[in-house]
Amino acid sequence: MSKRKQNMNTLKTENLINRLRIFLIAALTVIIFYPPYLQGLYFEKHVLPTQIIIFTTFIVFLTYKWLKNDFKFFKTPIEYASLGFVIIYFISIFVAVHTRSAIIEWLKYCMYFAVFYMISDLADDLKTKLLFLWTIVISGVGVSIIGLDAALGGNLVGILNKFFSLLGVQGNLFFGLFEGNRIHSTLQYPNALASYLMAVFFVTIGLFMVYNQWWQKIILGSLSFILFTTFMLTQSRGAQLLFPVAVIILLIAAPKGS
């Protein structure tokens, strides 16, 4: 094979690798964004299609790594720990009361591991890391806005349900968002919503530390206010007790001067 032909093949491979990387980042952005709007993938009817999407994406990801000649699978202790959860849930199948439910739960953890591993591998520069973090924040703010709207009468929710019904979605996609004077939002469980929003809130505070422009801080401050307000209106006592502990951990772990 001539040197010119070798260079052309190398260039084609590099172009394919770059396209696969763009596809994977785009797919993961979508995967990160939408689950909170489908009851947090609690129900099987939402989990199974998502698993198909994620495991298909993971196959593409393995192809991407093979083309890069990157055969090192684990790089950090956290990746080993996350695999440990998958192994533990697999072992639990053999002693489960309901085998089918145990297998479904194990597949959930396989799904979580696949998403975590792909993100940890692909987020190898600041731009990609910020993209994933902003996706988490925007998704959380959307969940908060839907919950606040439901508490105020549900005008936005009504518009969204009409829109999705035009797309062929049977029944209301968003329901049970505000019950018992507590915001449930799309997760439909106030304690789960509070835990989720608390995590997203601290991601937002982390981004607040990264950006220096005044207008960037105004945007992030406004988003964190929406998240915190919704968090408080869940009236989750457990999460509210945990919140100051998380604040102390954040202050200890935050970079000096931030």
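Along the sequence shown, residues carry numbers from 1.
Remark: the backbone N or O of V86 is paired with a side-chain donor or acceptor of W106 at under 3.5 angstrom. In this structure, N161 contributes its side chain and N172 its backbone to no donor-acceptor pair below 3.5 Å.
Side-chain atoms of F55 and C110, non-hydrogen and from C-beta on, do get closer than 4.5 Å to each other. Looking only at side-chain heavy atoms (C-beta outward), N181 and Q235 come within less than 4.5 Å of each other. Side-chain contact check for I32 versus I119: some heavy-atom pair is nearer than 4.5 Å. The shortest distance between side-chain heavy atoms of L122 and Y64 falls below 4.5 Å. The closest side-chain heavy-atom distance from Q188 to E179 is not below 4.5 Å. Between T234 and N191 the shortest side-chain heavy-atom distance does not fall below 4.5 Å. A 4.5 Å side-chain heavy-atom check between Y196 and P36 finds at least one atom pair inside the cut-off. F231 places a side-chain heavy atom less than 4.5 Å from the side chain of F243.
A salt bridge does not link K68 to E14: none of the charged side-chain nitrogens sits closer than 4.0 Å to a carboxylate oxygen. Salt-bridge check for D121 with R21: failed, with every basic side-chain N at 4.0 Å or more from each acidic carboxylate O.
Checking E79 against S120 by side-chain atom types alone, a donor-acceptor pair falls below 3.5 Å.
Between Y112 and Y109, the gap from one ring centroid to the other is short of 6.0 Å. If you look at Y42 and Y189, their ring centroids are not closer than 6.0 Å.
Under the 6.0 Å distance and 45° angle rule, K217 counts as a cation-pi partner of F208.
Taking OG1 of T99 as the start and CD1 of I93 as the end, the distance is 8.5 Å to the nearest 0.5 Å. Note that CD1 of I136 and OG1 of T29 are 10.0 Å apart. Values are rounded to the nearest 0.5 Å.
With hydrophobic clusters built from ILVMFWY side chains whose heavy atoms lie under 4.5 angstrom apart, V47 does not share a cluster with F116. When the side chains of ILVMFWY residues are joined at heavy-atom separations under 4.5 Å, either directly or via intervening members, L152 and I145 end up in two distinct hydrophobic clusters.
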